[in-house]
K.L.:
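The following block contains the structure, expressed as structure tokens.
Quick caveat, the model's predicted, so the values are computed rather than measured. Just so it is clear, the values below take in all heavy atoms, side chains as well, and ignore hydrogens, waters and symmetry mates.
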Amino acid sequence: MRAAVFRGLGQKLEICDLPDPRPGTDELLISIGRCGICGSDLHMTEDQTFGLSPGSILGHEFAGEVVETGPGVVGFSIGDRVTVPPMQGCGHCAYCLADEPGHCPQMVLLGGGYGELSCIQARQAVRLPAGVSLANGALVEPLAVALHGIRKSSIRPGDKVVVLGAGPIGLATAFWARRMGAARVVVTDLGSWQEQRALAMGATHFVSGDADHVALADALLGSKADIVFECVGAPGLIAQAIQHLRPKGEILVQGLCTRPDNFIPFHAIMKECRIQFSNFFHLAEFQAALDMFDSGAAEPGLMITDTIKLDQLPGTFEALRQRTHQCKVQIAH
């Protein structure tokens, strides 16, 4: 098979010919149909914090078709279309048994989507309904991440919400927030590229540019926010979220920041605010995101701004390290 292989920090992905993987006991061999490029993939290839090994094949937002089943597999057949929650746990600890493999002590983030084929444990595969495309199947994972953040928050109908960041997780958060009854949702970003997409997905207002985002959001909401979702992951954003917030409000942090950050605790104390962090998702939330697509919701599909071939991946991947008009780029194998 062909795959884009990680060679080392600061190096471009390399397209290589590799032996086809073979499924072991209770495994499925998947022909990857679509795979999304996630911002965390970019982080993993430039930050030693993640410990990514040379030779790794990234890509954890994927959907495809079963082309071979290993010994012991039940419930799946060749030709089944599936999507995959990428947290691979031990399968028997308390977290795995509670359908939260993201907290398993042995959890591994399953990659492989940047290759043409990937082996997965059969218990990880989720069959795609007939009406859900492979492209939308590859969007289920980021939609589930955003839904988990929404459910970790205390959002209630009528709430006023600010979402910091108009990337895929920020836009998906705006989508779910409106579905959960938020009355007003202001999305903020440095650029205006995603404004129309944000509004189409549920945001009621969009703030960008060099203006005072806090003052503008306050004016659009008519008050401070009840909840602020931080979906960027850059130093200074938690401090900004505190500025957006009303007294006794809540900050939900979803942005993946690997650098030291700081804020003035006094500002948070004076508001008696709650700061909650969110990571991964419960498997029921993954299913709920898939069910949303099966029900016919089309808005999340707007996040896909480009579909590329595998040969284009190394160059596209490097270009995404800089801010562009892209939102979610998918690889079509």
K.L.:
Check whether any side-chain heavy atom of D26 lies under 4.5 Å from a side-chain heavy atom of R123, and answer yes or no.
P.N.:
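No, side chains not in contact.
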
K.L.:
Which pairs would a plain distance check flag for residues 29-41, meaning a side-chain donor or acceptor within less than 3.5 Å of a matching protein atom at least two apart in sequence or in another chain?
P.N.:
unit_1, atom_1, unit_2, atom_2, d
R34, NH1, Q330, OE1, 2.9
D41, OD1, H60, ND1, 3.4
D41, OD2, C38, N, 3.3
D41, OD2, Y114, OH, 2.7

K.L.:
Is any side-chain heavy atom of S153 less than 4.5 Å from a side-chain heavy atom of E250?
P.N.:
yes

K.L.:
Quick check: do V145 and E285 have side-chain heavy atoms less than 4.5 Å from each other?
P.N.:
no

K.L.:
Apply the test side chain to side chain contact (heavy atoms under 4.5 Å, CB included) to residues T204 and R178: give CA-CA distance (whole Å), side-chain angles for both, the deciding distance (0.1 Å), then the verdict.
P.N.:
CA-CA 9 Å; T204 56; R178 288 302 301 281; 3.0 Å; yes

K.L.:
Test side chain to side chain contact (heavy atoms under 4.5 Å, CB included) on L290 and L128; report intermediate values, then the result.
P.N.:
CA-CA 8 Å; L290 178 56; L128 287 178; 3.8 Å; yes

K.L.:
Before accepting this row, confirm whether a basic side-chain N of the pair R259/D47 lies closer than 4.0 Å to the acidic partner's carboxylate O.
P.N.:
no

K.L.:
According to ring-ring contact (aromatic ring centres under 6.0 Å, His included), does anything in residues 259-285 pair up with another residue at least two apart or in another chain? List the pairs.
P.N.:
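Qualifying pairs, neighbours excluded: F281-F286.
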
K.L.:
Measuring from atom CG of L52 to atom NE2 of H43, what distance do you get when rounded to the nearest 0.5 angstrom?
P.N.:
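One gets 13.5 Å once the value is rounded to the nearest 0.5 Å.
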
K.L.:
Hey, is the main chain of K152 close enough, under 3.5 Å, to the side chain of Q276 for a donor-acceptor pair?
P.N.:
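Answer holds: no.
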
K.L.:
Walk me through whether M107 and C93 qualify under side chain to side chain contact (heavy atoms under 4.5 Å, CB included).
P.N.:
CA-CA 11 Å; M107 193 279 289; C93 72; over 6 Å; no

K.L.:
V163 and L302: same hydrophobic cluster, using ILVMFWY side-chain contacts below 4.5 Å?
P.N.:
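Yes, it is one cluster - the side chains of V163 and L302 are joined through contacts under 4.5 Å.
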
K.L.:
Name every donor-acceptor pair, under 3.5 Å, that has one atom in a side chain of residues 233-240 and the other anywhere in the protein, sequence neighbours excluded.
P.N.:
unit_1, atom_1, unit_2, atom_2, d
Q240, NE2, H244, NE2, 3.4

K.L.:
So which atom in H148 and which in S278 form the shortest heavy-atom distance, rounded to 0.1 Å?
P.N.:
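Nearest heavy atoms, H148 then S278: CD2-OG, 3.2 Å.
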
K.L.:
Is a donor on one side and an acceptor on the other found under 3.5 Å between the side chain of R127 and the backbone of G75?
P.N.:
yes

K.L.:
Indicate yes or no for a side-chain donor-acceptor contact from D159 to the backbone of R156 under 3.5 Å, with no hydrogens or angles considered.
P.N.:
yes

K.L.:
Taking all non-hydrogen atoms of both residues, which atom of L252 and which atom of G149 are closest, and how far apart?
P.N.:
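Looking at all heavy atoms of both residues, the closest pair is CG-O, 3.5 Å.
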
K.L.:
Could you report the tightest heavy-atom contact between L164 and V232, atom names first, then the distance?
P.N.:
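Closest approach of L164 to V232, heavy atoms only: O-CG2, 3.4 Å.
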
K.L.:
To the nearest 0.5 Å, what is the distance between CD (Q312) and CD1 (I331)?
P.N.:
10.0 Å

K.L.:
Are any of the side-chain heavy atoms of F175 and M292 separated by less than 4.5 Å?
P.N.:
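In contact.
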
K.L.:
Strictly distance-based, threshold 3.5 Å: is any side-chain N or O of W176 a donor or acceptor partner for the main-chain N or O of L143?
P.N.:
yes

K.L.:
Could you tell me which non-hydrogen atom of L147 sits nearest to which non-hydrogen atom of A288, and how far apart they are?
P.N.:
CD2-CB, 3.8 Å

K.L.:
To the closest 0.5 Å, what do you measure between CD1 (I275) and CD1 (I251)?
P.N.:
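With rounding to 0.5 Å, CD1 (I275) is 4.5 Å from CD1 (I251).
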
K.L.:
Side chains of M1 and I57, heavy atoms from C-beta outward: is any pair under 4.5 Å?
P.N.:
yes

K.L.:
Looking at S56, is its backbone amide N or carbonyl O close enough to the side chain of S53 to form a donor-acceptor pair, meaning the two atoms are under 3.5 Å apart?
P.N.:
no

K.L.:
If Ile, Leu, Val, Met, Phe, Trp and Tyr residues are connected whenever their side-chain heavy atoms lie under 4.5 Å apart, and connections chain through other members, are F76 and L110 in the same group?
P.N.:
yes

K.L.:
Measure across G202 and V185 and return the closest heavy-atom pair with its distance rounded to 0.1 Å.
P.N.:
O-CB, 4.4 Å

K.L.:
Are the side chain of R197 and the backbone of A166 linked by a donor-acceptor contact shorter than 3.5 Å?
P.N.:
no

K.L.:
Identify the residue among Q326, K328, E61, Q194 that makes a side chain to side chain contact (heavy atoms under 4.5 Å, CB included) with P168.
P.N.:
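Result for side chain to side chain contact (heavy atoms under 4.5 Å, CB included) with P168: K328.
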
K.L.:
Can any side-chain N or O of H333 pair as donor or acceptor with the backbone N or O of G113 at less than 3.5 Å?
P.N.:
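Indeed, once roles are kept as given, a pair shorter than 3.5 Å links the two residues.
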
K.L.:
Would a hydrophobic clustering, with Ile, Leu, Val, Met, Phe, Trp and Tyr connected at side-chain separations under 4.5 Å, put W193 with L199?
P.N.:
no

K.L.:
Nearest 0.5 Å, what's the CE-OG1 distance between M44 and T49?
P.N.:
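M44 CE to T49 OG1: 12.0 Å, rounded to 0.5 Å.
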
K.L.:
Could you see if L28 belongs to whatever hydrophobic cluster contains V67? Use Ile, Leu, Val, Met, Phe, Trp, Tyr and a side-chain cutoff under 4.5 Å.
P.N.:
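In one cluster with L28: V67, no.
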
K.L.:
Which atoms form the tightest heavy-atom contact between F62 and S118, and what is the distance?
P.N.:
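F62 and S118 have their closest heavy atoms at CZ-OG, 4.4 Å.
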
K.L.:
Quick one: does any side-chain atom of E116 pair with a main-chain N or O of R2 as donor and acceptor, under 3.5 Å?
P.N.:
yes

K.L.:
Could you check V82, V73, I120 and say which one makes a side chain to side chain contact (heavy atoms under 4.5 Å, CB included) with V66?
P.N.:
V82

K.L.:
Is any side-chain heavy atom of F317 less than 4.5 Å from a side-chain heavy atom of V329?
P.N.:
no

K.L.:
Applying side chain to side chain contact (heavy atoms under 4.5 Å, CB included), run through L18 and V5 and close with a yes or a no.
P.N.:
CA-CA 10 Å; L18 302 172; V5 178; 4.0 Å; yes

K.L.:
Does CZ in R151 sit with more than 12 non-hydrogen atoms of other residues, nucleotides or ligands closer than 6.0 Å?
P.N.:
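Not more than 12 within 6.0 Å, no.
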
K.L.:
Counting C-beta onward and ignoring hydrogens, is there a side-chain heavy-atom pair between R184 and L220 closer than 4.5 Å?
P.N.:
no

K.L.:
Give, for atom OH of Y95 and atom SG of C90, the distance between the pair rounded to the nearest 0.5 Å.
P.N.:
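The SG atom of C90 is 11.5 Å from OH of Y95, to the nearest 0.5 Å.
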
K.L.:
Has the side chain of S192 got a donor or acceptor atom that lies under 3.5 Å from a matching backbone atom of S208?
P.N.:
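Absent.
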
K.L.:
If I take atom CG from residue L58 and atom CG from residue L109, how far apart are they, to the nearest 0.5 angstrom?
P.N.:
8.5 Å

K.L.:
State whether the side chain of D226 and the backbone N or O of K160 hold a donor-acceptor pair below 3.5 Å, judged by distance alone.
P.N.:
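Yes; judged by distance alone, with no hydrogens or angles, the pair exists.
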
K.L.:
Is L9 reachable from L13 through a run of I, L, V, M, F, W or Y residues, each pair having side-chain heavy atoms under 4.5 Å apart?
P.N.:
yes

K.L.:
Strictly below 4.0 Å, N to O, side chains only: are R22 and E27 in salt-bridge contact?
P.N.:
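So R22 does not pair with E27 through a salt bridge.
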
